[in-house]
Amino acid sequence: MSSAATSLHQKILGDLQGKILSGKLAPGARIATEHELAEAYDCSRMTVSNVLAKLARAGLVERRRKAGTFVTRPQSQAAVLEIHDIKAEVLALGLPYRFELVSRANRRSTASDRERLETKSAGRVVELVTRHFAGDRVFCLEERLINAEAVPEAAHERFHDIAPGRWLLDSVPWTAAEHRIGASSAGKDVAASLSVPVNTACLIIERRTWRAALPVTHVRLTYPGDSHQLVARFTPTSL
């Protein structure tokens, strides 16, 4: 490939990659045809085909025979046994991150709260609902209870500038954690929060953390099932 062709190849690649990662070309969007791109960039279809093949190998597009080339929906990966930061997950996809605090309540715990926190002691809790975004799309719905008896400073934190999960990771040491992983179809309220159709398959991660014997938080994270996967790596024990 000549230096001019290489330069043009990089320009087309950079243009398309930039539009995909910025969200200008949203997941599911159809890319212009090879013929249309070749005309637009005044180049050969072979150059365009090489660009699209590279984007496909990177997992950014899917080439469907006779249908065209389409932007794929990025797949987030999270380690099953780690307490991960949602912002870091989104940024790892090359997408802009933001969060929206939907609701915040500082109140007495109910029987349901105590069941979620696995405690018999009545007390105060901070209840938070947060939506996390990857670009323009809702990435995750977070429903969280914080035990104000274990973390009294949570009662005064407004969570305007930092998401609850990140604040807890930065502010509160924990000594034990439990993860539960499941799946469910999105009901009306969850579907509305995630901006997906009712009955969309969702991945649900529930987590509790403790500091010594005190429960710190319970969180339910709901992800649209087509945009998230869990990864676990194990080291075998000696035989």
Side-chain angles (χ1 to χ4, degrees), residues 21-24 26-27 74 76-79 82-110 112-119 121-175 177-179 186-196 202-211 214-224 227-228:
L21 296 179
S22 69
K24 288 183 179 178
S76 166
Q77 292 187 353
E82 293 179 4
I83 295 182
H84 49 280
D85 178 22
I86 295 173
K87 179 179 180 179
E89 288 182 54
V90 172
L91 295 180
L93 295 172
L95 296 170
Y97 167 81
R98 67 181 177 88
F99 75 91
E100 170 187 274
L101 187 63
V102 177
S103 65
R104 180 189 185 283
N106 187 349
R107 56 175 175 74
R108 294 286 297 177
S109 64
T110 64
S112 175
D113 297 334
R114 293 191 287 276
E115 183 178 351
R116 285 176 62 185
L117 290 167
E118 286 195 349
T119 181
S121 302
R124 300 200 66 82
V125 294
V126 179
E127 182 182 36
L128 302 148
V129 178
T130 307
R131 296 203 304 170
H132 301 266
F133 290 80
D136 294 330
R137 188 183 186 215
V138 182
F139 180 74
C140 173
L141 173 66
E142 172 186 338
E143 299 167 280
R144 183 181 295 274
L145 280 177
I146 299 176
N147 180 10
E149 308 302 314
V151 193
E153 53 269 45
H156 308 290
E157 175 60 48
R158 306 313 299 172
F159 301 105
H160 289 160
D161 302 316
I162 186 170
R166 182 70 261 174
W167 181 83
L168 283 167
L169 284 172
D170 290 345
S171 307
V172 183
W174 56 274
T175 56
E178 173 190 85
H179 286 81
K188 184 178 178 182
D189 291 342
V190 169
S193 294
L194 291 173
S195 299
V196 298
C202 294
L203 174 71
I204 298 173
I205 301 173
E206 291 190 71
R207 182 170 64 242
R208 293 180 181 88
T209 57
W210 290 264
R211 181 164 59 182
L214 280 176
V216 172
T217 188
H218 172 276
V219 63
R220 181 184 294 114
L221 303 172
T222 304
Y223 297 83
S227 65
H228 200 77

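Predicted, not measured: the structure shown is a model, and the values here were computed from it.
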May I ask you to test the [X]-[Y] pair for a side-chain heavy-atom distance under 4.5 Å?
X      : Y      : value
Arg144 : Phe159 : no
Leu168 : Trp174 : no
Arg211 : Pro173 : yes
His218 : Glu118 : no
Asn147 : Val216 : no
Arg137 : Leu95  : no
Val196 : Val190 : no
His132 : Val90  : no

Going by atom types alone, do Arg131 and Ser193 pair a side-chain donor with an acceptor below 3.5 Å?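 No pair is found: no donor N or O on one side chain lies under 3.5 Å from an acceptor on the other.
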If you measure from [atom1] on [X] to [atom2] on [Y], what distance do you get to the nearest 0.5 Å?
X      : Y      : atom1 : atom2 : answer
Leu141 : Tyr223 : CG    : OH    : 10.5 Å
Leu117 : Glu149 : CG    : CD    : 10.5 Å
Ile205 : Cys140 : CD1   : SG    : 7.5 Å
Phe133 : Tyr97  : CZ    : OH    : 10.0 Å
Glu142 : Phe99  : CD    : CZ    : 9.5 Å
Glu143 : Asp189 : CD    : CG    : 9.5 Å

Heavy-atom count around [X] [atom1] within 6.0 Å, excluding the residue itself: above 12?
X      : atom1 : result
Asn106 : CG    : yes
Asp161 : CG    : no
Glu178 : CD    : yes

Given Arg108 and Arg124, is the side-chain contact (heavy atoms from CB on, under 4.5 Å) satisfied, shown in steps? CA-CA 4 Å; Arg108 294 286 297 177; Arg124 300 200 66 82; 3.5 Å; yes
Heavy-atom closest contact ([X] atom, [Y] atom, distance):
X      : Y      : value
Val125 : Asp113 : CG2-OD2, 3.8 Å
Pro224 : Val138 : CG-O, 4.3 Å
Ile86  : Leu221 : CD1-CD2, 4.0 Å
Leu101 : Arg158 : CD2-O, 3.5 Å
Leu145 : Thr217 : O-OG1, 2.7 Å

Without swapping roles, check the side chain of [X] against the backbone of [Y] for a donor-acceptor pair under 3.5 Å.
X      : Y      : value
Ser109 : Gly123 : yes
Arg104 : Val126 : no
Arg114 : Ala122 : no

